[in-house]
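Notes follow the structure.
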Amino acid sequence: METQLIRNKKSQINIVLKEQKNDEGKSQKTISSLENNPFTHINQEFSSIIGLQDLKKTIKEIYATVVINQKRHELGLKSSKQVLHMLFKGNPGTGKTTVARKLAKLYFEMNLLSKGHFIEAERADLVGEYIGQTAQKTRTIIQKAMGGILFIDEAYSLARGGDKDFGKEAIDTLVKHMEDHHNDFVLILAGYPYEMERFLTLNPGLQSRFPFILDFEDYEISQLMKIARQMAAEREYRLTKEAEQELRMHLYKKTQEKARNFSNARYVRNVIENAIRLHAVRLLKRNNLTTDELITLTEKDLLFDN
């Protein structure tokens with residue numbers, strides 16, 4: 001992969017990560033195959049998402065079913081809407097919220113949702129403090145989410161108080177509306193893998209409500225490095241080879257520690273943003289800075305927690 005600098009009409013520098021091509025014929029063939037690919041728009045929408053191949057495969061299956069159902073309808077054959085409720089299992093920073101937001105937009109474009117908006121909620125938004133309040137709060141949130149996606153992270157917190165906790169009432173209310181309004185409402189529950197598995201066992205029948213249960217695996221070192229380059233490029237920066245080597249060694253150390261609080265892509269984002277601040281301090285007192293100096297992050301700009 002090589003880095004290309006492109007100056008636009010406003011004299012701004014854009015950094016573009018390019019895959020190297022062996023020859024012109026191969027490049028033309030790739031362009032042609034994209035034009036004939038019915039999943040091009042999905043590939044484009046998720047192009048910034050590293051990994052998650054199973055998820056991307058699932059979205060393509062959903063889209064294919066939508067198209068074929070439309071063709072069946074046109075020929076007088078039976079067609080039915082899909083139930084799209086999902087459950088995401090993964091550690092922090094593995095892309096759960098980002099993917100849920102993209103799905104809201106994509107499902108709207110597929111005509112699966114009438115509005116395509118995204119509502120994010122947590123336990124406090126759903127669970128009340130006295131009898132009767134929880135069902136009302138939960139119904140209000142669901143009503144706001146109608147036509148779009150309701151995303152609940154750390155969903156297992158709804159069951160943390162046992163049978164006597166009002167969280168159970170929130171779960172029961174959600175389950176009812178999952179069935180009643182599945183034609184124009186998608187519920188996505190998310191959280192740590194172990195806790196989500198336990199959550200499903202505490203509520204019999206809940207797992208069967210989710211036709212799509214997806215694992216968001218921790219990123220590998222090569223994927224985290226690709227994310228780092230991508231995040232830097234989006235901000236019109238690039239890392240030197242020495243900086244990349246330093247970052248790679250640190251990420252290897254962090255992933256080997258298997259720390260529960262390691263936040264994957266979120267951790268990488270924090271490293272890049274901190275490097276940009278240190279880079280600014282380093283250059284602040286210098287005059288006549290070149291474009292290369294203004295966009296280059298070196299190993300001097302990297303500061304890690306131990």
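Along the sequence shown, residues are numbered consecutively beginning with 1.
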Spatial distance of atom CG (L294) from atom CZ (R286) [nearest 0.5 Å]: 9.5 Å
Residue pair L112 / F108, side-chain heavy-atom distance below 4.5 Å: no
Check K176 with D180, please: is the shortest side-chain N to carboxylate O separation under 4.0 Å? yes
May I ask you to decide if T290's main-chain N or O and E293's side chain share a donor-acceptor pair within less than 3.5 Å? yes
Spacing of CG belonging to N91 relative to CZ belonging to R266, to within rounding of 0.5 Å: 10.5 Å
Output yes when a side-chain donor or acceptor of K105 lies under 3.5 Å from a complementary backbone atom of E45, and no otherwise. no
Any side-chain donor paired with an acceptor under 3.5 Å for N264 and T94? no
I'd like to know whether H73 forms a side-chain contact (heavy atoms from CB on, under 4.5 Å) with K78, so could you lay out the CA-CA distance, the side-chain angles of the two residues, the decisive distance to 0.1 Å, and finally the verdict. CA-CA 6 Å; H73 177 73; K78 287 185 178 180; over 6 Å; no
Is the backbone N or O of A170 less than 3.5 Å from a side-chain atom of K137, with the two atoms forming a donor-acceptor pair by type? no
Looking at K89 and E195, does any basic side-chain N land under 4.0 Å from a carboxylate oxygen? no
Walk me through whether M146 and K115 qualify under side-chain contact (heavy atoms from CB on, under 4.5 Å). CA-CA 8 Å; M146 287 301 298; K115 297 179 181 177; 5.7 Å; no
Spatial distance of atom CD (E244) from atom OG1 (T298) [nearest 0.5 Å]: 12.5 Å
Would you check if I119 and F151 make a side-chain contact, meaning some heavy-atom pair closer than 4.5 Å? no
Counting C-beta onward and ignoring hydrogens, is there a side-chain heavy-atom pair between L158 and L174 closer than 4.5 Å? yes
So, taking the atom named CG in D218 and the one named CD in Q223, what distance separates them when rounded to the nearest 0.5 Å? 10.0 Å
Does this structure show an ion pair linking R282 with D301, if we count only N-O contacts that are shorter than 4.0 Å? yes
N/O donor-acceptor pair under 3.5 Å between T98 side chain and G95 backbone: no
Shortest non-hydrogen contact from N183 to K81? O-NZ, 3.1 Å
Does T201 use its side chain to pair, donor to acceptor, with the backbone of R198 at less than 3.5 Å? yes
Tell me, do Y63 and L106 make a side-chain contact under 4.5 Å, heavy atoms counted? no
Check: H279 ring centre within less than 6.0 Å of Y237 ring centre: yes
In terms of hydrophobic clusters joined by side-chain contacts under 4.5 Å, are I142 and F210 together? yes
Basic-acidic side-chain contact under 4.0 Å: K144, D125: no
Should we count CG of D54 as having more than 12 external heavy atoms under 6.0 Å? no
Same apolar cluster (I L V M F W Y, side chains within < 4.5 Å links), I59/I68: no
Drop me the distance from Q230's CD to I272's CD1, to the nearest 0.5 angstrom. 11.0 Å
Below 4.5 Å, heavy atoms only, C-beta onward: do F212 and H85 meet side chain to side chain? no
For the side chain of R123 and the backbone of S157, is there at least one donor-acceptor N/O pair under 3.5 Å apart? yes
Can you name the closest pair of heavy atoms from M196 and F88 and give their distance? CG-O, 4.2 Å
Can a side-chain donor-acceptor contact be found between N43 and K60 if the only test is distance below 3.5 angstrom? yes
Using the side-chain contact (heavy atoms from CB on, under 4.5 Å) rule, take L303 and L278 through it: C-alpha gap first, then chi angles, then the decisive distance, then the call. CA-CA 8 Å; L303 181 65; L278 294 178; 3.6 Å; yes
According to a 4.5 Å side-chain heavy-atom criterion applied to Ile, Leu, Val, Met, Phe, Trp and Tyr, with indirect links allowed, do L239 and Y252 form part of one hydrophobic cluster? yes
More than 12 non-hydrogen atoms from neighbouring residues, nucleotides or ligands closer than 6.0 Å to CD on E220, yes or no? no
Closest non-hydrogen atom pair, F185 against H177: CD2-O, 4.0 Å
Between K56 and I49, is there a donor-acceptor pair closer than 3.5 Å when you use the side chain of the first and the backbone of the second? yes
Answer yes or no: is there a donor N or O on one side and an acceptor on the other, between the side chain of T173 and the main chain of T138, under 3.5 Å? no
A quick test of your reading: do over 12 heavy atoms of other residues, nucleotides or ligands sit less than 6.0 Å from CD of Q143? no
Would you say D153's side chain and A121's backbone share a donor-acceptor pair under 3.5 angstrom? no
Working for side-chain contact (heavy atoms from CB on, under 4.5 Å), residues V99 and T97: CA-CA 5 Å; V99 166; T97 305; over 6 Å; no
So which atom in P211 and which in R209 form the shortest heavy-atom distance, rounded to 0.1 Å? CD-O, 3.2 Å
Rounded at 0.5 Å granularity, tell me how far CE in M225 sits from CD in Q245. 10.0 Å
By the definition side-chain contact (heavy atoms from CB on, under 4.5 Å), identify the one residue from Y192, Y156, Y194 that meets it with F199. Y156
Please give me the minimum heavy-atom distance between S114 and G147, naming the atom from each residue. OG-CA, 3.4 Å
What one should report as the nearest heavy-atom pair of A228 and L247 is CB-CD2, 3.7 Å
Are F46 and H41 close enough that their ring centres sit under 6.0 Å apart? no
Is the backbone of M231 close enough, under 3.5 Å, to the side chain of R235 for a donor and an acceptor to pair up by distance? yes
With a 4.5 Å limit on heavy-atom distance, are the side chains of I152 and E122 in contact? no
Same apolar cluster: L214 and V83, side chain cutoff 4.5 Å: no
Are E61 and K57 within salt-bridge range, i.e. N to O under 4.0 Å? yes
Any K226 side-chain heavy atom under 4.5 Å of I221 side chain: no
Side chain proximity check, R238 to D292, heavy atoms < 4.5 angstrom: yes
Please tell me whether L224 and Y267 are part of a single hydrophobic cluster in this structure, the criterion being side-chain heavy atoms less than 4.5 Å apart. yes
